[in-house]
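Only this structure's heavy atoms are used, side chains among them; waters, hydrogens and symmetry mates stay out. A, B, ... follow the sequence lines: proteins, then strands. Residue 1 opens every chain.
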Amino acid sequence: MPEGPSILILKEKTQQFKGQKITEASCNNNAIDADLLIGKTIINFKSWGKHFLICFPEFTVRIHMMMFGTYRINEHTTKPPRLHLLFSNDTELNFYACQLQLIEQPLDEIYDWEADIMSDVWNSKKAIKKMLDEPELLACDALMDQQIFSGVGNIIKNEVLFRSRIHPLSLVSAIPNKKLKEMIDEAIKYSYEFFEQRKQGTLSKHWQAYHQKECPRNHVPFIRKDTGRSHRTSFYCEKCQKMYK
DNA sequence: CGTCCTGTTTGAGT
DNA sequence: AACTCAAACAGGAC
């Protein structure tokens with residue numbers, strides 16, 4: 001569930017809770033004092049990449065789904081929710097296996113909205129500047145860097161590098177500017193495709209690289225290798241994805 | 001400061 | 001049906 005587009009879907013689905021007053025709340029770890037939420041009204045939901053933000057007048061609850069996080073709206077699973085919210089109109093919102101954090105500062109102070117790939121204020125020039133500030137940065141690490149491409153995860157990374165024909169181990173500083181712009185444009189474009197395909201339940205049907213056995217362009221077997229700082233798996237074609245170095 | 005390791009513990013795919 | 005793998009990140013050891 002956790003890449004950026006999935007968080008946008010969550011934001012869409014929770015619109016019904018905007019303006020709703022919480023009558024009952026529980027948190028099954030000590031991250032947040034649930035009593036703080038009782039009687040409070042949700043004024044808005046925001047997101048920054050993979051962060052889902054529940055906004056109250058005086059503070060924000062940040063939810064990060066990590067790898068395994070999940071949620072239920074007006075229903076529950078057999079497991080106790082990490083965060084349970086019951087509203088005055090008897091609707092409920094439950095989050096499981098997620099990380100919770102209370103934010104007391106204004107969000108504009110801690111989030112660079114221009115770094116969120118699915119934000120309408122996304123700023124490509126700023127992303128290029130951030131990338132070029134790191135001379136040794138690899139393409140696979142650049143896309144996974146949440147301060148540069150907030151919301152990109154391993155699926156989007158692999159699909160973007162394949163679609164823009166860039167080898168994951170390419171040095172960003174060696175990629176021609178036009179090509180780098182192409183990579184960024186593809187990151188935005190594919191993220192919106194991901195959003196639609198996830199809603200349609202057809203996401204994995206459209207994967208061209210992620211978890212694929214061979215290159216759909218030339219049928220050469222894909223290389224599957226742990227790459228970059230975080231050793232996340234890359235799927236790539238050595239023939240059609242150019243190595244810039 | 002960088003790198004490696006661990007904990008998290010769902011849901012899709014085989 | 002049972003099993004394996006992975007959508008991510010923080011924090012601690014060294």
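- Separating the CD atom of A/Gln99 from the P atom of C/dC9 is a distance of 9 Å, rounded to the nearest angstrom.
- Checking C/dA8, B/dG11, C/dC5 against every side-chain atom of A/Thr70, the shortest atom distance belongs to B/dG11.
- Between the CZ atom of A/Phe95 and the P atom of B/dT10 there is a distance of 16 Å, given to the nearest Å.
- Phosphate contact (OP1/OP2 of C/dA8, side-chain N/O of A/Arg232, threshold under 4.0 Å): present.
- Judged by closest nucleotide on DNA chain B, A/Arg229 is the one of A/Arg229 and A/Trp207 placed further toward the 5' end.
- Annotated stems with DNA chain C as a participant read B:2-8 with C:8-14, B:10-14 with C:2-6, given as range with range, by first number; only runs of 3 or more Watson-Crick or G-U pairs under 3.5 Å qualify.
- As rounded to whole Å, 4 Å separates atom P of C/dC9 from atom NE2 of A/His64.
- Annotation: proximity of residues 152-172 of chain A to DNA chain C (heavy atom, distance under 4.0 Å) is found for A/Gly153, A/Asn154, A/Ile155, numbered in ascending order.
- Considering only side-chain N and O atoms, A/Arg82 lies under 4.0 angstrom from the phosphate OP1 or OP2 of B/dT9.
- Rounded to whole angstrom, the span from the CE atom of A/Met66 across to the P atom of C/dA10 amounts to 7 Å.
- With A/Lys46 contributing its side chain and A/Lys11 its backbone, the two residues share no donor-acceptor pair below 3.5 Å.
- Taking Ile, Leu, Val, Met, Phe, Trp and Tyr as members and joining any whose side-chain heavy atoms lie under 4.5 Å apart, directly or through other members, A/Val220 forms no hydrophobic cluster with any other residue.
- Residue A/Phe68 contributes atom CZ, which lies 10 Å from atom C1' of B/dG7 at whole-angstrom precision.
- With sequence neighbours left out, the side chain to side chain contact (heavy atoms under 4.5 Å, CB included) criterion links A/Lys40 to A/Phe56, A/Phe59.
- In this structure, A/Thr77 reaches neither bases nor backbone, as no heavy-atom distance under 4.0 Å exists between it and the strands shown.
- Phosphate proximity of B/dT9 to A/Lys79: absent, as no side-chain N or O sits under 4.0 Å from OP1 or OP2.
- Per the geometry, CE belonging to A/Met65 stands 17 Å off C1' belonging to C/dA6, to the nearest Å.
- Scored by the salt bridge (charged side-chain N to carboxylate O under 4.0 Å, His left out) test, A/Lys18 finds no partners at all (sequence neighbours excluded).
- OP1 or OP2 of B/dG13 sits under 4.0 Å from a side-chain N or O of A/Ser204.
- Under the 30°/60° scheme for interplanar angles, the aromatic rings of A/Tyr111 and A/Trp113 are found to be tilted.
- Residues of residues 100-122 of chain A having a heavy atom closer than 4.0 Å to DNA chain C: none are found.
- The distance between atom CG of A/Asn28 and atom P of B/dT10, rounded to the nearest whole Å, is 11 Å.
- Using a 4.0 Å cut-off between charged side-chain N and carboxylate O, A/Glu182 and A/Lys189 make no salt bridge.
- The six-membered or imidazole ring of A/Trp122 lies near that of A/Phe149, with a centre-to-centre distance under 6.0 Å.
- Dashed line: the shortest gap from a side-chain N or O of A/Arg72 to OP1 or OP2 of B/dG11 is under 4.0 Å.
- At least one test fails for A/Arg72 against the ring of A/Phe95: distance under 6.0 Å to the centre or angle within 45° of the axis.
- A/Lys130 and A/Asp145 are not joined by a salt bridge, as no carboxylate oxygen comes within less than 4.0 angstrom of a charged side-chain nitrogen.
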Start with the C-alpha distance between A/Gln99 and A/Arg62, add both sets of side-chain angles, then the distance that settles side chain to side chain donor-acceptor pair (under 3.5 Å), and finish with yes or no.
CA-CA 8 Å; A/Gln99 187 188 75; A/Arg62 188 194 94 174; 2.8 Å; yes
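- At B/dG13, none of the side-chain N or O atoms of A/His211 fall inside 4.0 Å of OP1 or OP2 (strictly under the cut-off).
- With values rounded to the nearest 0.5 angstrom, A/Glu3 atom CD is found 8.5 Å from A/Arg198 atom CZ.
- Between A/Ile63 atom CD1 and C/dA10 atom P the separation is 16 Å, expressed in whole Å.
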